[in-house]
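Being a predicted model, the structure only gives us computed values, none of them experimental. Throughout, a chain's letter reflects where its sequence line sits, starting with A, and its residues are numbered from 1.
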Amino acid sequence: MFPYQINGFGTPPINYHLWRGYAMQDRIKIDKLLASEKPIDCVVAKGWVRTRRDSKDFSFMELNDGSCLKNIQIVADSKLENYSEISSLTTGSAISVTGKLVPSPGKGQKWEIHADVVEIVGIAPEDYPLQKKRHSDEFLRTIAHLRARTNKYGAAFRIRSEMAWAVHNFYREKGFRYLHTPIITGSDCEGAGEMFKVTTLDPANFNKNEKMDCSSDFFGQEANLTVSGQLSAEMFALALGDVYTFGPTFRAENSNTSRHVAEFWMLEPEMAFCDLEGNMDHGEELLKYLVRHAMDVCTEDLDLFANFVDKGLKPLLNSLAEDKYERINYNDAVDLLQKSGKKFEYKVEKGIDLQSEHERFLAEEYFKKPLFLINYPKTIKPFYMRVNDDGETVAAMDLLVPRIGEIIGGSQREERLNVLEERMGQMNLAGEPYWWYMDSRKFGSVPHSGFGMGFERLLMLITGITNIRDVIPFPRTPGSIEF
RNA sequence: UCCCCAGUAGCUCAGUCGGCAGAGCAAGUGGCUGUUAACCACUGGGUCCGCGGUUCAAGUCCGUGCUGGGGAGCCA
């Protein structure tokens, strides 16, 4: 409510800018304006000009404030006192508009705002890099600080936000507890690849060939950024029942692919009294919930991706939400691949891990839907996975989906202390740093399971975006940490 | 880290056999117009990724480095 509305004046005063404080608070976001069911005498909209077109007596502006994909059309009459400034407004400039929300006589929009006041908040000079035209993803990556102002990236990051909320909603509804596991860890033995060292020591004081002495470092021992919250989550699953972690994860692998970044977000549920079967049920339920949520809540943004990014997106999402996911043993999958008659670049062989091309064949060509690949040979899987009765395989599961490949990797955990110790011995892992982990198997050990799901890979799956760098605001990759 | 491809105006890209550097969009100026990536005309805009080489002459050929992309490995 503005002072002039209280007083019953029909139009805002010329010195409107004196009431800027009111306007800041009372602006209506464009998604709400466009959803209006009736005209409104006085509204305030603020945002960035996407494009401007001039007519004889008017200037038409497309205003976007990030609240939704659509712009609202602003009609500025040439009689406005600052019309010369308005008619020179450039793409990217920020404005505040006060006016009437009225039905639009033009094509392409239901509502428009007839401006009574257009306040220029921030000009974008002519070197503003974003144009009305389409830009390449590669170029937009070099201006990651501005790319969220485009249709595609605005939509992608609204969906990202919505999906993060959906994760929490899902787990809250199911009675899981949200757990914050450490970002800095003391062990270099989590077994998931290269780690980033954390130190307060000056590397200049050490020569390259000698190992850094960490005893005088901040923690008095070697410290790294986390590659997984799993071991911590297991401890809490064995206390609170069902827990999940959802946070940043770091891998110092020198991976240069469209599916890897050095810093990413991972969701890791961990469930007590849960076996491999329950683990798969949970993963399937989770992914279906998230996909349905995206289709229900992000309809408009998702349409952009279905229309311009991936024509096959809608059928894929329907399949993800509706189809029963396949479940197949590693050994059976190898047989199936060998008998498929398909020519692979790499040979399929029992006992070794499947190649990307094999996984893609299974998910995209053979089953044409998600599948859980389970019970891998123990020799190619980490120590904490539960050894099956055959003594040769472990209760591991990877969920493979079309286009992405592995989106979930998990297992039932080895809960038997003696088997776990034996396994670590075989893999030459020193038990001592794991004393607390072993304790959980010593005191009231129970069967439990969990997995990790890459949040960015989920977003790629849902949007059809093919490069992981385009679903995270400021990607970190080898040799690249700008922004 | 390995294999392949690319780098030309602010952006997207063309550039033939080695022979004067081009288009659309953007920007500037003018015109027209309740416009819809508005339209029409004109104008300005270049380290052809860097370095070295071959040649009378290199955006174009050769070597090398850098950056980006695709694929592989590692994985989420």
Side-chain angles (χ1 to χ4, degrees), chain A residues 50-62 70-78 87-88 90-92 102-109 112 114 124-143 146 150-151 191-194 227-230 246 248-268 283 344-346 352-360 380-382 398-401 404-410 451-461 466-472 477-480 482:
Chain A
R50 281 291 177 78
T51 177
R52 190 180 52 77
R53 300 176 285 270
D54 285 335
S55 178
K56 191 177 171 191
D57 300 314
F58 306 97
S59 196
F60 297 91
M61 283 168 284
E62 299 281 341
K70 286 202 180 86
N71 308 318
I72 194 162
Q73 175 161 276
I74 309 296
V75 186
D77 195 290
S78 59
S87 60
S88 63
T90 44
T91 297
V102 296
S104 176
K107 280 179 190 160
Q109 64 271 325
E112 63 186 24
H114 284 190
E126 66 205 36
D127 56 347
Y128 182 62
L130 292 172
Q131 297 162 23
K132 306 174 199 181
K133 231 181 108 180
R134 194 191 159 276
H135 291 287
S136 68
D137 293 327
E138 291 79 12
F139 170 68
L140 291 171
R141 237 167 264 153
T142 69
I143 49 164
L146 296 173
T150 64
N151 287 340
E194 289 296 307
V227 292
S228 165
Q230 181 198 319
F246 184 30
T249 309
F250 308 87
R251 304 271 166 96
E253 299 286 351
N254 188 15
S255 307
N256 288 290
T257 82
S258 53
R259 301 185 310 283
H260 292 86
V261 275
E263 178 182 314
F264 63 99
W265 281 59
M266 185 158 66
L267 166 66
E268 294 178 285
F344 293 111
E345 192 180 337
Y346 294 89
I352 58 170
D353 223 344
L354 297 183
Q355 305 283 326
S356 289
E357 57 172 345
H358 306 140
E359 296 182 350
R360 270 207 312 277
I380 57 172
K381 288 293 182 184
D398 284 355
L399 177 61
L400 308 181
V401 293
I404 309 293
E406 182 180 346
I407 194 169
I408 282 176
F451 61 78
M453 183 180 79
F455 188 56
E456 283 75 19
R457 289 190 181 174
L458 169 76
L459 294 171
M460 292 168 74
L461 184 67
T466 53
N467 193 314
I468 197 167
R469 287 157 225 195
D470 297 336
V471 294
I472 191 165
T477 52
S480 168
E482 205 169 12

> Sub-3.5 Å donor-acceptor pair from the side chain of A/R457 to the main-chain atoms of A/I404, do we have one?
Replying inline: no

>> Please report the distance separating the C1' of B/rG68 from the corresponding atom of B/rA27, rounded so that it comes out in whole Å.
In response: 27 Å

> With a non-hydrogen cut-off below 4.0 angstrom, is A/Q73 in contact with a base, only sugar-phosphate, or nothing?
Replying inline: base

> What does A/R141 touch in the nucleic acid at a heavy-atom separation under 4.0 angstrom: a base, only the sugar-phosphate, or nothing?
Replying inline: sugar-phosphate

> Is there a donor-acceptor pair under 3.5 Å between the side chain of A/E357 and the backbone N or O of A/E345?
Replying inline: yes

> Does A/T90 use its side chain to pair, donor to acceptor, with the backbone of A/P125 at less than 3.5 Å?
Replying inline: no

> Taking the side chain of A/N467 as its heavy atoms from C-beta onward, which of B/rC11, B/rG73, B/rG70 lies nearest to it?
Replying inline: B/rG70

> Tell me: CG of A/D470 to C1' of B/rG70, nearest whole Å?
Replying inline: 14 Å

>> Can you measure A/L400 atom CG to B/rA76 atom C1' for me and round it to whole angstrom units?
In response: 12 Å

> Touch check for A/S258, heavy atoms < 4.0 angstrom, all strands: base, sugar-phosphate only, or nothing?
Replying inline: sugar-phosphate

> Using the P atom in both, what is the distance from B/rG71 to B/rA9, to the nearest Å?
Replying inline: 26 Å

>> Of the options B/rG34, B/rC75, B/rG69, whose atoms approach the side-chain atoms of A/F58 most closely?
In response: B/rG34

>> Over all strands shown, is A/R469 touching base, sugar-phosphate only, or nothing at heavy-atom distances under 4.0 angstrom?
In response: sugar-phosphate

> How would you list, by chain and number, every residue that makes a side chain to side chain contact (heavy atoms under 4.5 Å, CB included) with A/N256, sequence neighbours excluded?
Replying inline: A/N254, A/P478

> Applying a 3.5 Å limit to both distances, which nucleotide forms a Watson-Crick or G-U wobble pair with B/rA23?
Replying inline: B/rU12

>> Counting the atoms with a prime plus P, OP1 and OP2 as sugar-phosphate, which does A/N256 contact under 4.0 Å by heavy atoms, base, sugar-phosphate, or nothing?
In response: base

> Just how far, in rounded Å, is C1' of B/rA76 from CG of A/L459?
Replying inline: 12 Å

>> Starting the side chain at C-beta, find the nucleotide from B/rG70, B/rU35, B/rA76 nearest to A/F60.
In response: B/rU35

>> Heavy atoms only, 4.0 Å cut-off, all strands: where does A/L458 land among base, sugar-phosphate and nothing?
In response: nothing

> Does A/D54 get its side chain close enough to the base of B/rU33, under 3.5 Å, for a donor-acceptor pair?
Replying inline: no

> In Watson-Crick or G-U wobble terms, both distances under 3.5 Å, what is the partner of B/rA6?
Replying inline: B/rU67

> Do A/I407 and A/L461 have side-chain heavy atoms sitting under 4.5 Å apart?
Replying inline: yes

>> Students often get this wrong, so: under 4.0 angstrom with heavy atoms, is A/V261 touching a base, only sugar-phosphate, or nothing?
In response: base

>> Strictly by Watson-Crick or wobble contacts shorter than 3.5 Å, is anything paired with B/rA72, and which nucleotide is it?
In response: B/rU1

> Hey, does A/N254 reach any base, or is it just sugar-phosphate, or nothing, if we go heavy atoms under 4.0 Å?
Replying inline: base

>> Counting distance alone, no hydrogens or angles: does the base of B/rC75 have a donor or acceptor under 3.5 Å from a partner atom on the side chain of A/R457?
In response: yes

> Atom CZ of A/R134 and atom P of B/rU12: how far apart are they, to the nearest Å?
Replying inline: 9 Å

>> Between B/rC48 and B/rU29, how many Å separate the two C1' atoms, rounded to a whole number?
In response: 29 Å

> Considering every strand shown, what is the Watson-Crick or G-U wobble mate of B/rC48 when both distances are under 3.5 Å?
Replying inline: none

>> Has A/S55 got a side-chain atom pairing as donor or acceptor with A/F58's backbone, closer than 3.5 angstrom?
In response: no

> Which part of the nucleic acid, if any, lies within reach of A/T90 when heavy atoms closer than 4.0 Å are counted: base, sugar-phosphate only, or nothing?
Replying inline: nothing

> Looking for any heavy atom pair under 4.0 Å, which part of the strands does A/R52 touch: base, sugar-phosphate only, or nothing?
Replying inline: nothing

> Base, sugar-phosphate alone, or nothing: which one does A/E456 contact when heavy atoms must sit under 4.0 Å apart?
Replying inline: nothing

> Nearest to the side chain of A/E253, which nucleotide is it out of B/rC74, B/rG73, B/rU35?
Replying inline: B/rC74

> Whole-Å distance between B/rC75 C1' and A/E359 CD?
Replying inline: 10 Å

> So which nucleotide from B/rU36, B/rC75, B/rC74 ends up closest to the side chain of A/T257?
Replying inline: B/rC74

> Can you tell me how far P of B/rC75 sits from CZ of A/R259, to the nearest Å?
Replying inline: 12 Å

> With rounding to whole Å, what would you report as the distance between B/rU55 and B/rA14 at their C1' atoms?
Replying inline: 26 Å

> Considering heavy-atom distances to RNA chain B, does A/P478 or A/K132 have its closest nucleotide positioned more toward the 5' end?
Replying inline: A/K132

> Which base sits across from B/rC39 as a Watson-Crick or G-U pair, both distances under 3.5 Å?
Replying inline: B/rG31

> Between A/L146 (CG) and B/rC11 (P), how many Å, whole number?
Replying inline: 13 Å

>> As a test of reading the structure: which of B/rU35, B/rA37, B/rC75 is closest to the side chain of A/H260, going by heavy atoms?
In response: B/rC75

>> Does a side-chain N or O of A/S228 approach OP1 or OP2 of B/rA76 to a distance below 4.0 Å, or not?
In response: no

>> Determine whether a donor-acceptor pair (one donor, one acceptor, N or O, separation below 3.5 Å) exists between the side chain of A/H135 and the base of B/rC11.
In response: no

> Which is true for A/P105 with a 4.0 Å heavy-atom rule: it touches a base, it touches only sugar-phosphate, or it touches nothing?
Replying inline: base

> Which part of the nucleic acid, if any, lies within reach of A/L130 when heavy atoms closer than 4.0 Å are counted: base, sugar-phosphate only, or nothing?
Replying inline: nothing

> Going by modelled atom types, is there a donor-acceptor pair between the base of B/rC75 and the side chain of A/S255 at under 3.5 Å?
Replying inline: no

> Could one point to a donor on the side chain of A/E112 or the base of B/rG34 with an acceptor on the other under 3.5 Å away?
Replying inline: yes

>> Taking atom types as they are modelled, would you say the side chain of A/Q131 forms a donor-acceptor pair with the base of B/rU12 within the 3.5 Å cutoff?
In response: no

>> Should A/F264 be counted as stacked on B/rA76, where stacking needs a ring-centre gap under 5.5 Å and an angle between planes under 30 degrees?
In response: yes

> Does any N or O in the side chain of A/E456 come within less than 3.5 Å of the main-chain N or O of A/W265, such that one atom is a donor and the other an acceptor?
Replying inline: yes

> What's the OH-C1' distance between A/Y346 and B/rC74, to the nearest Å?
Replying inline: 13 Å

> Do you know which of A/K70, A/R52, A/R53, A/R50 makes salt bridge (Lys or Arg N to Asp or Glu O under 4.0 Å) with A/E62?
Replying inline: A/R53

> Can you tell me how far P in B/rA6 sits from the matching atom in B/rU43, rounded to whole Å?
Replying inline: 35 Å

> Does B/rG59 have a Watson-Crick or wobble mate here (both distances under 3.5 Å), and if so which one?
Replying inline: none

> Mind checking the C1' distance from B/rU36 to B/rG73? Whole angstroms is fine.
Replying inline: 49 Å

> Is any side-chain heavy atom of A/R141 less than 4.5 Å from a side-chain heavy atom of A/D470?
Replying inline: yes

> Between A/S55 and B/rG34, does any side-chain N or O lie under 4.0 Å from OP1 or OP2?
Replying inline: yes

> RNA chain B: A/K56 or A/F139, which has the more 5' nearest nucleotide?
Replying inline: A/F139

> Can you tell me if the side-chain N/O atoms of A/R53 get under 4.0 Å from OP1 or OP2 in B/rA38?
Replying inline: yes

> So what does A/G106 touch, heavy atoms closer than 4.0 Å: a base, only the sugar-phosphate, or nothing?
Replying inline: base

> Do A/R469 side-chain atoms and A/V261 backbone N/O form a donor-acceptor pair below 3.5 Å?
Replying inline: no

> How far does the P atom of B/rA23 sit from the matching atom of B/rG15, given to the nearest Å?
Replying inline: 15 Å

